[in-house]
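Numbers here are sequence positions counted from 1.
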Amino acid sequence: MTDDTIRYLTRPDGERLAFRATAGDGPTVVWIGGFRSDMEGTKALALEAAAREQGWAFVRYDHFAHGQSSGDWRQATVGRWREDAMALIDSLDGPVIPVGSSMGGWAALLLALARPERMAGLVLVNPAQDFTERLMWPGLADHERQAILRDGETVIVEEGLGPYVLTRAMFEEARTWLLLDAPIPLAAPVHILQGRADAVVPWRHAMALTGQLTGGDVRLDLIEGGDHRLSGPADLARLVEAVETMRNRGSA
């Protein structure tokens with residue numbers, strides 16, 4: 001069954017993480033959303049529907065300063081999102097399967113490195129590890145980069161995400177958590193779903209990740225014509241199948 005009530009996990013500084021939980025069996029599937037996304041997205045809801053139908057334990061939540069969680073966006077950092085993901089996992093019992101989308105893929109990888117004993121496997125959708133350094137910063141206009149360096153922040157207007165602030169603090173803090181410059185030792189199996197037509201996180205970014213993952217099985221599905229959202233009916237069915245396969249593997 002699903003408790004449709006939004007629950008909150010209170011952090012030591014008083015901020016609250018909003019989440020929804022579906023009771024079920026097996027490793028808990030934990031949805032970790034993307035940058036400026038929330039837990040009401042298409043993929044999160046498709047996984048919840050599958051959890052209800054198939055009896056999974058499932059949790060979806062909003063990052064700090066996202067959705068219905070509290071937090072000042074200007075204080076948001078990759079390290080904060082990592083710490084909150086760890087706190088959420090620590091509030092659950094038993095093994096987990098993080099399902100990270102875009103930036104959530106980076107958070108899921110950092111979570112797995114911090115809590116390797118809890119991991120039954122990871123499913124990553126167009127994962128955006130190191131995106132601040134490798135994708136976002138190079139993609140900014142020169143005047144935007146100059147404003148961040150000079151003023152400490154700038155306002156970005158992006159289709160689908162609306163206007164938002166990018167801070168120098170976020171970029172600088174994120175360098176603490178970069179992954180692609182060294183091996184990433186994960187014993188848990190990893191299944192990556194990557195759209196070949198993703199214009200936000202290019203498919204070669206997923207190839208770079210697979211080259212650094214060590215210690216466990218890695219499967220990379222390059223989806224012809226797949227975009228960054230991977231939210232069409234076939235994409236959602238593929239995601240549910242990937243998670244179900246990982247659950248069965250984790251329960252074996």
### Heavy-atom side-chain contact between L109 and W177 under 4.5 Å
no
### NZ or CZ of R36 within 45° of W73 ring axis and under 6.0 Å
yes
### Query
Would you say L178 and L166 are hydrophobically clustered, going by side-chain heavy atoms of ILVMFWY under 4.5 Å?
yes
### Task
Tell me, with the steps shown, if R82 and L111 meet side chain to side chain contact (heavy atoms under 4.5 Å, CB included).
CA-CA 6 Å; R82 168 187 175 272; L111 172 63; over 6 Å; no
### Query
Within a reach of under 6.0 Å around CZ of R196, are more than 12 heavy atoms found that belong to other residues, nucleotides or ligands?
yes
### Task
Supply the atom-to-atom distance T22 OG1 to Q54 CD, rounded to the nearest 0.5 angstrom.
12.5 Å
### Query
Applying the 4.5 Å side-chain criterion to the ILVMFWY set and letting contacts propagate, would M136 and V165 be lumped into a single cluster?
yes
### Query
Are L186 and T214 side-chain neighbours, meaning at least one heavy-atom pair lies under 4.5 Å?
no
### Query
Shortest non-hydrogen contact from A51 to F58?
CB-CB, 3.6 Å
### Task
Can you measure from CG (L9) to CG (L88) and round to the nearest 0.5 angstrom?
6.5 Å
### Query
Y61 versus V30: any side-chain heavy-atom pair under 4.5 Å?
yes
### Query
Just by modelled atom types, is the L179 backbone N or O under 3.5 Å from a matching donor or acceptor in the Q129 side chain?
no
### Task
Could you pull out the closest heavy-atom pair between G94 and R118, with the gap in Å?
O-NH2, 2.7 Å
### Message
Distance check, rounded to the nearest 0.5 Å: M170 atom CE versus T77 atom OG1?
### Response
9.5 Å
### Query
Is a salt bridge present between R249 and D217, judged by a nitrogen-to-oxygen distance below 4.0 Å?
yes
### Task
Rounded to the nearest 0.5 Å, what's the gap from CG on L220 to CD1 on I192? Could you check?
5.5 Å
### Message
Within the structure provided, determine whether V123 and V29 are in side-chain contact (heavy-atom separation under 4.5 Å).
### Response
no
### Task
Decide yes or no for S101 and K43: does some side-chain heavy atom of the first lie under 4.5 Å from some side-chain heavy atom of the second?
yes
### Message
When you compare the side chain of R247 with that of I97, does any pair of heavy atoms fall below 4.5 Å?
### Response
yes
### Query
salt bridge (charged side-chain N to carboxylate O under 4.0 Å, His left out) between D198 and R204: does it pass, once the steps are laid out?
CA-CA 10 Å; D198 188 344; R204 288 181 178 84; over 6 Å; no
### Query
Is there a donor in the side chain of E15 and an acceptor in the side chain of S70, or the other way round, less than 3.5 Å apart?
yes
### Message
Could you check whether any side-chain heavy atom of L209 comes within less than 4.5 Å of a side-chain heavy atom of L124, counting everything from C-beta outward?
### Response
yes
### Message
Pairing donors with acceptors under 3.5 angstrom, does anything connect the side chains of H191 and D221?
### Response
yes
#### Entry: Sidechain N-carboxylate O distance under 4.0 Å for R20, E40
yes
### Message
Under a 3.5 Å distance rule, please check whether D62 uses its side chain to pair with a backbone N or O of D38 as donor and acceptor.
### Response
no
### Task
Verify the cluster assignment for L239 and L45: are they in a single hydrophobic cluster under the rule of side-chain heavy atoms below 4.5 Å apart?
no
### Query
Are the side chain of T245 and the backbone N or O of V243 linked by a donor-acceptor pair below 3.5 Å?
no
### Message
Measuring from atom OG of S102 to atom CD1 of I32, what distance do you get when rounded to the nearest 0.5 angstrom?
### Response
12.5 Å
### Message
What verdict does the side chain to side chain contact (heavy atoms under 4.5 Å, CB included) test give for V240 and W56, after you've listed the backbone C-alpha separation in whole Å, the side-chain angles of each residue and the deciding distance to 0.1 Å?
### Response
CA-CA 11 Å; V240 169; W56 306 350; 4.1 Å; yes
#### Entry: Donor-acceptor contact below 3.5 Å, side chain E173 vs main chain G79
yes
### Message
Ring centres under 6.0 Å, that's the criterion: do W81 and F64 meet it?
### Response
no
### Query
Tell me, do M119 and P98 make a side-chain contact under 4.5 Å, heavy atoms counted?
yes
### Query
Quick one: CG on D181 to CZ on R134, what's the gap to the nearest 0.5 Å?
5.0 Å
### Summary
Heavy-atom closest pair (P127 atom, G105 atom, distance to 0.1 Å) is CB-CA, 4.2 Å
### Query
Going only through I, L, V, M, F, W and Y residues with side-chain contacts under 4.5 Å, is there a path from V157 to W137?
no
### Query
Given E144 and I156, is the side chain to side chain contact (heavy atoms under 4.5 Å, CB included) satisfied, shown in steps?
CA-CA 8 Å; E144 293 169 333; I156 300 293; 3.5 Å; yes
### Task
Return yes if a side-chain donor-acceptor contact under 3.5 Å exists between E48 and W31, otherwise no.
no
### Query
Do side-chain atoms of R145 reach the backbone of L140 as a donor and acceptor pair under 3.5 angstrom?
yes
### Task
Looking only at non-hydrogen atoms, find the nearest pair between P185 and L113 and report the distance.
O-CD2, 3.6 Å
### Side-chain donor-acceptor pair present, Q194, N126, cut-off under 3.5 Å
yes
### Distance-only side-chain donor-acceptor flag, H63 / S69, under 3.5 Å
no
#### Entry: Cationic tip of R16 above Y8 ring, under 6.0 Å, 45° of axis
yes
### Whether T167 side chain and E153 backbone form a donor-acceptor pair below 3.5 Å
no
### Query
Does the distance from a Lys or Arg side-chain N to an Asp or Glu carboxylate O, for R168 and D151, drop under 4.0 Å?
no
### Query
Should we count CD of E241 as having more than 12 external heavy atoms under 6.0 Å?
no
### Query
For L230 and G195, which heavy atoms make the closest approach, and how far apart are they?
CD1-N, 4.0 Å
### Message
Please report whether the ring centroid of Y164 lies less than 6.0 Å from that of F35.
### Response
yes
### Query
What heavy-atom pair brings L122 and A108 nearest, and what distance separates the two atoms?
CD2-O, 3.6 Å
### Query
Could D13 and R80 be called an ion pair, given the rule that one side-chain N must be under 4.0 Å from one carboxylate O?
yes
### Message
side chain to side chain contact (heavy atoms under 4.5 Å, CB included), that's the test. Do T154 and Q146 meet it? Break it down for me.
### Response
CA-CA 9 Å; T154 193; Q146 292 302 318; over 6 Å; no
